[in-house]
Structures are given as C-alpha cells and as structure tokens.
**Student:** 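Dumping the structure here so I can ask a few things about it.
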Amino acid sequence: MLKNKQVLVVEDNEELQGILADFLEVKGADVDFADNGELGLKLALENDFDAIILDVMMPKKDGMQVAKELRENGCTTPILMLTALNGREDLLKGFERGIDDFVTKPFNFPELEVRLSALIKRYRGDVANSHLEFGSLTIDQRSHKVTREGHQLLVTPVMYQILVKLTKVAPEMVSRDVLIHEVWGEDAPDKDILRSHIYLLRNVLDKPFKKPMLITVPKFGFRLEG
C-alpha cells in the first residue's frame, strides 16, 4: 500500500526515526527525514511528498505550527500527526491547524500503515471531490479553506462542519437535529448551542457581503441560498 510513495517524517527522536525508517522502507516507501520543525517545513514546501508524518513536540517549531504554516503556504499534502495528546481540545486544535489524522503514542505499526495509506488514497484518488462549491462559496476539503467571492473566510472547526453539511445538500434544507448530530454526534449538548454557532457563522459568511446565503427555515432547520 505504500510502495513507491514519497513520505516525509518530521521527528526529532533518533530511535523512533530509525524504527520508522525500517518499517516504511520494508513497505516500499521512499523516506526523507527532518529532525526539527524548521527543516521539516522547508522540505515539505520544496518537495512533492505523498504524505507527511509529523511529531507534535519538536525543537525550533512544534508540529502544530508546522502544520499551520504549511496550510497557509498552500501545501495540501496529507499530514498524519504523532502525538501523546488525545484530549478533545488538542484534537480540535490540530484539525484547525490543518492536520488530517492522528496516531496516538505509543502506536502500533499496522494502524500507522492503514491510516497513512488511507490518507494517501484520499489525497491522490479523490482530488476531483476535494472541492465543494455552491454559488459564490467554495470549500477545499483537504486544506479546510473556505472562500466566498474569492475572499477567505476564517471559520472555526464547528462552523466548517456545519458549512460542509449544508453545502453538500444545497439548496435543500438540513434539519437542526441532523446538524447537531453531524457536529456533536451522540454527545450533543443543549440544542441552544447550535443557535450560537449559527449566529457566529452568519457573521463570517453573510455580514461582509450584500446577499445572505444562510437561510433559516422556521421550526425546521437551515439551508444555503446561492
């Protein structure tokens, strides 16, 4: 699954570097290494990799900062982060920075291979589906970049999830219950929290523009209007 794939490993632990090198090379991957965040950022921007394995805690630049700067510079290469962090806030922060998936330390190598292969497959095989468009709204699902009329919108992870769901079915309506389940799953908080996020989303999506896109369907839900 990783044969002839170009993988960049950004990891400062020499022992783990060696273990990862042995494993990935056995699987047929071509591997480059960086032992700090600055070098990793430089290599990732100057070369075309199929995937990046990125540690969180590193010298010079940590993994979160590297991911953020990669996305800001237009790099869409899939990023698999190695982390000892597993709290909800840590995960949301990582996804907001542009991480595609996590493997929590200590990890097992079959899981690493499956996750890495899945990221590469989606990146190389589903490019045509990576963009969602409706009216003047465009969403890049690889970089999580959202634009309207060519202007980038600064959205939170929750806003992003709501927009993706609405855009996929636009101009049809999505019910409040469906949106709540899409964002919070079985751990849905009080329904009033959706109202708060819709309010914040309107400030970003509609307020700077002449025509509103986010339409409330009274007593039912919301839809986008092009």
**Student:** Of L54, V66, L8, which meets side-chain contact (heavy atoms from CB on, under 4.5 Å) against I79?
**Tutor:** L54
**Student:** Just do the side chain to side chain contact (heavy atoms under 4.5 Å, CB included) check on V103 and L116 with the steps written out, would you?
**Tutor:** CA-CA 10 Å; V103 173; L116 195 60; over 6 Å; no
**Student:** Pairs of donor and acceptor atoms involving the side chains of residues 10-18, under 3.5 Å and at least two apart or interchain, shall be tabulated with distances.
**Tutor:**
residue	atom	partner	partner atom	Å
E11	OE2	N13	N	2.9
N13	OD1	E15	N	3.0
N13	OD1	L16	N	2.9
Q17	NE2	E11	O	2.5

**Student:** Please determine which of R148, H151, K211 meets the side-chain contact (heavy atoms from CB on, under 4.5 Å) test together with S136.
**Tutor:** R148
**Student:** Is there a path of hydrophobic side-chain contacts, each under 4.5 Å between heavy atoms of I/L/V/M/F/W/Y residues, joining I120 to V114?
**Tutor:** no
**Student:** For M173, what are the other residues in its hydrophobic cluster, where any two members join if their side-chain heavy atoms are less than 4.5 angstrom apart?
**Tutor:** V217, F220
**Student:** If Ile, Leu, Val, Met, Phe, Trp and Tyr residues are connected whenever their side-chain heavy atoms lie under 4.5 Å apart, and connections chain through other members, are L201 and Y199 in the same group?
**Tutor:** yes
**Student:** Quick one: does N47's side chain get under 4.5 Å of D32's, heavy atoms only?
**Tutor:** no
**Student:** Are V169 and V178 connected in a single hydrophobic cluster, I mean Ile/Leu/Val/Met/Phe/Trp/Tyr linked by side-chain heavy atoms less than 4.5 Å apart?
**Tutor:** yes
**Student:** Taking the side chain as every heavy atom from C-beta outward, state whether F109 and E113 have any atom pair closer than 4.5 Å.
**Tutor:** no
**Student:** On a heavy-atom basis, which atom in D55 and which in M58 lie closest, and how many Å separate them?
**Tutor:** O-CE, 3.4 Å
**Student:** Indicate yes or no: at least one non-hydrogen side-chain atom of L224 is less than 4.5 angstrom from one of L214.
**Tutor:** yes
**Student:** Got I139 and F134 here, is their nearest side-chain heavy-atom distance under 4.5 Å?
**Tutor:** no
**Student:** If I take atom CD1 from residue I180 and atom NE2 from residue H197, how far apart are they, to the nearest 0.5 angstrom?
**Tutor:** 10.5 Å
**Student:** When hydrophobic residues are tied together by side-chain contacts of less than 4.5 Å, even through go-betweens, does I215 share a cluster with L163?
**Tutor:** no
**Student:** So, does D206 use its side chain to make a donor-acceptor pair with the main chain of R202 at under 3.5 Å?
**Tutor:** no
**Student:** To the closest 0.5 Å, what do you measure between NZ (K3) and NZ (K27)?
**Tutor:** 13.0 Å
**Student:** Between the side chain of D50 and the main-chain N/O of Q6, is any donor-acceptor distance below 3.5 Å?
**Tutor:** yes
**Student:** Just checking, is any N or O donor in the side chain of T216 or R195 under 3.5 Å from an acceptor N or O on the other one?
**Tutor:** no
**Student:** Contact between K168 and V164 at the side-chain level, heavy atoms closer than 4.5 Å - yes or no?
**Tutor:** yes
**Student:** Kindly work out whether a path of hydrophobic side-chain contacts (I/L/V/M/F/W/Y, heavy atoms less than 4.5 Å apart) joins F209 to I162.
**Tutor:** yes
**Student:** What distance do R115 atom CZ and M81 atom CE have between them, rounded to the nearest 0.5 Å?
**Tutor:** 14.0 Å
**Student:** After noting the C-alpha distance and the side-chain angles of K145 and Y160, does the key distance pass the side chain to side chain contact (heavy atoms under 4.5 Å, CB included) rule?
**Tutor:** CA-CA 9 Å; K145 183 179 179 181; Y160 176 83; over 6 Å; no
**Student:** Looking at CD of E69 and NZ of K42, how far apart are the two atoms once the value is rounded to the nearest 0.5 Å?
**Tutor:** 14.5 Å
**Student:** Could you measure the distance from the CZ atom of R71 to the CG atom of D140? Nearest 0.5 Å is fine.
**Tutor:** 9.0 Å
**Student:** Specify the closest pair of heavy atoms between L179 and F222, including all atoms of both residues, with the distance to one decimal.
**Tutor:** CD1-CD1, 3.8 Å
**Student:** Are the side chains of V31 and L20 in contact, using a 4.5 Å heavy-atom criterion?
**Tutor:** no
**Student:** To the nearest 0.5 Å, how far apart are OG1 in T138 and CG in L153?
**Tutor:** 10.0 Å
**Student:** Measure from the side-chain N and O atoms of N73 to the backbone N and O of C75, and report whether any donor-acceptor pair falls under 3.5 Å.
**Tutor:** no
**Student:** Mind checking whether V204 and V146 have side chains closer than 4.5 Å, heavy atoms only?
**Tutor:** no
**Student:** Heavy-atom distance under 4.5 Å between the side chains of K5 and F49, does that happen here?
**Tutor:** no
